[in-house]
Amino acid sequence: MTRLVFLGPPGAGKGTQAKQFSVLCAVPHISTGDILRSAVSQGTELGKKAQLYMNAGELVPDVLILDLIRERLSSPDVSPGWLLDGFPRNVEQAIFLDTLLEEIGQPFECVVNLDVPDEVLVSRLVQRGLDEGRADDTEGTIRNRLEVYRQRTEPLIDFYRSRQQLVSIDGNQPIEVVTAELNKIVS
Ligand code: AP5
């Protein structure tokens, strides 16, 4: 049974590592960013409401996110486990997750925190913006995403550390080295 939460600033490699792990452990990779981007590209009501926040590098309001997570974690395909990427993003979401997991009887193993210096994050994301054209990968928006991360998401490091659920990995290493460290920790 694999249930992990990936935490870290924008560009730390949460998605990259979670995608690989998802294949390795045969459990779904649940990325709130991917779910929201798909809603935006399909032009759904959720997508229309979320787009402005995402393009500005702000968090999408909890009221749009929490039901989505409840529904996703209640789906039958997550019974062998899951990898959460990009959720929780603030203390309110973390408390919601605790309550939800208790309700549905799915305790998680640990929170993997990927640590990467800001300038490396900015250069990775600027490069991705050039390569893939993701709307929020422009330098101004990237800097705001980092600021929002510091204010809203970083407090989760202490939140989970104080509960001895946090494992930190140096994410400023080649992708395969980070994967190998992750493997050691969770196997
Ligand atoms: P989201 O999609 O979650 O974006 P993010 O946190 O900014 O994460 P990224 O996807 O940019 O980074 P990552 O850590 O996954 O790194 P990745 O592996 O992609 O959220 C987008 C927006 O949606 C938010 O701003 C917000 O508006 C909204 N949102 C999402 N969830 C929300 C929530 N719960 N509540 C409210 N709003 C929410 O890698 C980045 C790049 O670096 C890639 O090009 C990759 O190839 C490269 N790379 C990765 N690892 C390495 C490495 N080790 N060495 C070199 N390059 C690497």
Side-chain angles (χ1 to χ4, degrees), residues 2-25 27-37 53-54 57-60 62 65 69 72 81-98 101 108-129 131-132 134 136-139 141-187:
T2 307
R3 293 192 198 108
L4 297 177
V5 172
F6 285 81
L7 191 65
K14 305 180 293 295
T16 302
Q17 297 299 330
K19 254 177 228 135
Q20 299 197 10
F21 240 67
S22 158
V23 175
L24 199 73
C25 307
V27 296
H29 165 211
I30 302 174
S31 154
T32 41
D34 286 350
I35 295 171
L36 292 169
R37 274 184 292 281
Y53 297 97
M54 295 173 78
E58 296 292 329
L59 293 186
V60 172
D62 288 352
I65 300 283
I69 284 291
R72 189 65 192 88
W82 40 255
L83 306 172
L84 267 184
D85 157 18
F87 186 95
R89 208 74 165 217
N90 57 36
V91 172
E92 293 76 17
Q93 292 184 4
I95 291 168
F96 170 87
L97 183 64
D98 277 349
L101 295 182
F108 66 87
E109 287 155 39
C110 71
V111 175
V112 177
N113 177 47
L114 296 173
D115 230 351
V116 178
D118 277 9
E119 288 320 308
V120 176
L121 299 170
V122 174
S123 99
R124 283 183 188 176
L125 295 178
V126 166
Q127 189 56 49
R128 185 175 63 184
D131 294 343
E132 298 175 20
R134 196 171 124 175
D136 58 350
D137 281 343
T138 56
E139 186 156 356
T141 305
I142 293 165
R143 299 241 175 237
N144 193 45
R145 283 159 67 196
L146 283 172
E147 186 56 35
V148 169
Y149 167 78
R150 297 280 167 240
Q151 286 178 15
R152 309 286 306 280
T153 311
E154 201 172 49
L156 293 178
I157 293 181
D158 281 344
F159 180 92
Y160 287 118
R161 186 185 284 131
S162 70
R163 292 162 32 156
Q164 286 155 5
Q165 286 178 301
L166 190 87
V167 175
S168 274
I169 296 182
D170 176 4
N172 189 20
Q173 310 181 78
I175 291 174
E176 57 282 5
V177 176
V178 179
T179 309
E181 287 200 10
L182 191 55
N183 251 317
K184 265 192 257 159
I185 285 166
V186 296
S187 57

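Numbers for residues simply follow the sequence, beginning at 1.
Applying the salt bridge (Lys or Arg N to Asp or Glu O under 4.0 Å) test to residues at least two apart or on different chains, none of the pairs has a partner in residues 176-187. Listed by first then second residue, pairs satisfying side chain to side chain donor-acceptor pair (under 3.5 Å) with a partner in residues 10-19 read Gln17-Thr179, not counting sequence neighbours.
Residues Pro9 and Leu114 approach most closely at CD-O, 3.5 Å, considering heavy atoms. Between Met54 and Gly33, the closest heavy-atom pair is CE-O, 4.2 Å. Here the shortest heavy-atom pairing between Gly15 and His29 reads O-CE1, 4.1 Å. Taking every heavy atom of both residues into account, Val148 and Gly57 meet most closely at CG2-O, 3.5 Å.
The salt bridge (Lys or Arg N to Asp or Glu O under 4.0 Å) test applied to Arg37 returns Asp34, not counting sequence neighbours. Scored by the side-chain contact (heavy atoms from CB on, under 4.5 Å) test, Ile157 finds Leu7, Asn113, Tyr149, Glu154, Arg161, Leu166 as partners (sequence neighbours excluded). Not a single salt bridge (Lys or Arg N to Asp or Glu O under 4.0 Å) links Glu132 to another residue, sequence neighbours left out. Scored by the side-chain hydrogen bond (donor to acceptor under 3.5 Å, both in side chains) test, Asp170 finds no partners at all (sequence neighbours excluded). With sequence neighbours excluded, no residue satisfies side-chain hydrogen bond (donor to acceptor under 3.5 Å, both in side chains) with Ser123. Checked against side-chain contact (heavy atoms from CB on, under 4.5 Å), Arg72 has the following partners two or more places apart in sequence or in another chain: Pro28, Ile30, Ser75, Asp77, Val78. Residues satisfying the salt bridge (Lys or Arg N to Asp or Glu O under 4.0 Å) criterion with Asp98, sequence neighbours excluded, are Arg163. The side-chain contact (heavy atoms from CB on, under 4.5 Å) search around Asn90 returns Leu59, Asp62, Glu92, Gln93, Arg152, not counting sequence neighbours. Under the side-chain hydrogen bond (donor to acceptor under 3.5 Å, both in side chains) criterion, Asn144 pairs with Glu58, not counting sequence neighbours. For Glu119, the side-chain hydrogen bond (donor to acceptor under 3.5 Å, both in side chains) partners at least two apart in sequence or on another chain are Arg143.
Distance CZ/Phe6 to SG/Cys110: 8.5 Å, rounded to 0.5 Å. Distance CG/Asn172 to CZ/Arg124: 6.0 Å, rounded to 0.5 Å.
In terms of modelled atom types and a separation under 3.5 Å, the side chain of Thr2 and the main chain of Gly81 share no donor-acceptor contact. Checking side-chain atoms of Thr32 against main-chain N and O of Gly86 turns up a donor-acceptor pair under 3.5 Å. With hydrogens and angles disregarded, no donor-acceptor distance shorter than 3.5 Å links the side chain of Gln165 to the backbone of Val111.
Applying the side-chain contact (heavy atoms from CB on, under 4.5 Å) test between Leu125 and each of Val120, Ile142, Asp136 identifies Ile142 as the sole match. Each of Leu84, Val112, Asp85 was evaluated against Val5; a single residue qualifies, Leu84, per the side-chain contact (heavy atoms from CB on, under 4.5 Å) test.
Side-chain contact between Thr153 and Leu156 is present, with at least one heavy-atom pair separated by less than 4.5 Å. Looking at heavy atoms from C-beta onward, Leu36 lies in side-chain contact with Ile65 at the 4.5 angstrom threshold. Side chains of Leu146 and Leu121 form a contact here, defined as non-hydrogen atoms less than 4.5 Å apart.
Under 4.0 Å is where a charged nitrogen must lie from a carboxylate oxygen, and between Asp118 and Arg150 at least one such pair does. A salt bridge links Asp137 to Arg145: at least one charged side-chain nitrogen sits closer than 4.0 Å to a carboxylate oxygen.
The aromatic rings of Trp82 and Phe108 lie tilted to each other, with the angle between the two planes from 30° to 60°.
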